[in-house]
There are 2 protein chains.
Amino acid sequence: MTEAQDETGVFKALADPTRRQILEDLRGGELAAGEIAGKFPISAPSISRHLGVLKGAGLVTERRDGNRILYTLAEDRLATCIGRFLSAVCPEQIVLRHTKWRPGAQREGS
Amino acid sequence: MTEAQDETGVFKALADPTRRQILEDLRGGELAAGEIAGKFPISAPSISRHLGVLKGAGLVTERRDGNRILYTLAEDRLATCIGRFLSAVCPEQIVLRHTKWRPGAQREGS
DNA sequence: TAGATATTTAGCACATTGGCTAAATATCTA
DNA sequence: TAGATATTTAGCCAATGTGCTAAATATCTA
């Protein structure tokens, strides 16, 4: 998949207000699908599909915990993708990233 | 219109790769509709509609110059909107804005 | 004014999106 | 194993998005 299509997946995911709100809700840490669904007036299957779109765009990751499936925000992915676009269009605007240091973390290649 | 809907208009506009490319093309300064259309393999009416979407989202402005209609990128609008969302979701990522000083420019209120 | 050029508007076709309900799948618990 | 709980998958439907061509509008030029 080309980088442009990749970016399109992210921006399409961000085009829906429910999905943007899910990302904001995940800011506080991982949440189960049901916990997320409980915050919205739409059905659980619809939320499940929104989560699938976010996962497909790489904006969240999931892990199973017994009964439940927990979703986590992929901050790096979001900031990298938006930052790349913003610097391509508005070089005057710079996304400054306060990345946390993690032991053993490698710097990304190009 | 609420702020959320306002933001939705911007992200919906950014969801299409042709529209994102138009914004990048406008980075160098204003362009006529026909000049923009000449860069893409799709018809002039289709480009015209894309320009209408971008204008509706506030991401470009237009002015008539004789025969032609010239479009200009609204950098502030783009950076402000994306920056607001990014800081709502990833507070660790900050959009730094090198705004140009303009005589008589007022700082925005809240 | 007539015609050429630039652009938008109107209307059609087709694919995608986003909601729903019902059913399937996975896991836990008695 | 049977049933309860959590979640996803499948399939339907109405609305939206995006391409096209034809026609309308605006401006320039002869």
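The figures here come from the full heavy-atom set of this structure, side chains too, leaving out hydrogens, waters and symmetry mates. Below, chain A is the first sequence line, B the second, and so on; all start at residue 1.
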**Study point:** Secondary structure string for DNA chain C (Watson-Crick or G-U under 3.5 angstrom, | for other-strand pairs)
**Key:** ||||||||||||||||||||||||||||||
**Study point:** Between D:dG17 (C1') and A:F11 (CZ): distance, integer Å
**Key:** 18 Å
**Study point:** Contacts of B:R63 that satisfy side chain to side chain donor-acceptor pair (under 3.5 Å) - sequence neighbours left out
**Key:** B:E30
Tabulate below the donor-acceptor pairs under 3.5 Å that side-chain atoms of residues 53-61 of chain A make, not counting sequence neighbours, or state none.
from  : atom 1 : to    : atom 2 : distance (Å)
A:K55 : NZ     : A:E62 : OE1    : 3.4
A:K55 : NZ     : A:E62 : OE2    : 3.3

**Study point:** Contacts of A:V95 that satisfy side chain to side chain contact (heavy atoms under 4.5 Å, CB included) - sequence neighbours left out
**Key:** A:L86, A:R97, B:L86, B:Q93, B:V95
Check your understanding: Under the 4.5 Å side-chain heavy-atom rule for ILVMFWY, direct or indirect, which residues accompany A:L96?
Key -> B:I94
Study note, to complete from the structure: Those residues at least two apart in sequence (or on a different chain) that pass side chain to side chain donor-acceptor pair (under 3.5 Å) with A:D16 are none
Point to revise | Residues in side chain to side chain donor-acceptor pair (under 3.5 Å) contact with A:R77, at least two apart in sequence or another chain | key: A:D6
Exercise for review: Return no unless some side-chain N or O of B:H50 is found under 4.0 Å from OP1 or OP2 of D:dG19.
Suggested key: yes
Practice item. For each nucleotide in nucleotides 2-17 of chain C, reading 5' to 3', give B when a protein heavy atom comes within less than 4.0 Å of its base, S when such contact involves only the sugar-phosphate, and - otherwise. Key: ---BSSBB-------S
Check your understanding: Tell me, which pairs form a side chain to side chain donor-acceptor pair (under 3.5 Å) where one or both residues lie in residues 39-49 of chain B, sequence neighbours left out?
Key -> B:S43-B:S46
Point to revise | Side-chain N or O of A:S43 closer than 4.0 Å to phosphate OP1/OP2 of C:dG19 | key: no
Point to revise | Under 3.5 Å: donor-acceptor pair, side chain of B:R19, backbone of B:K12 | key: yes
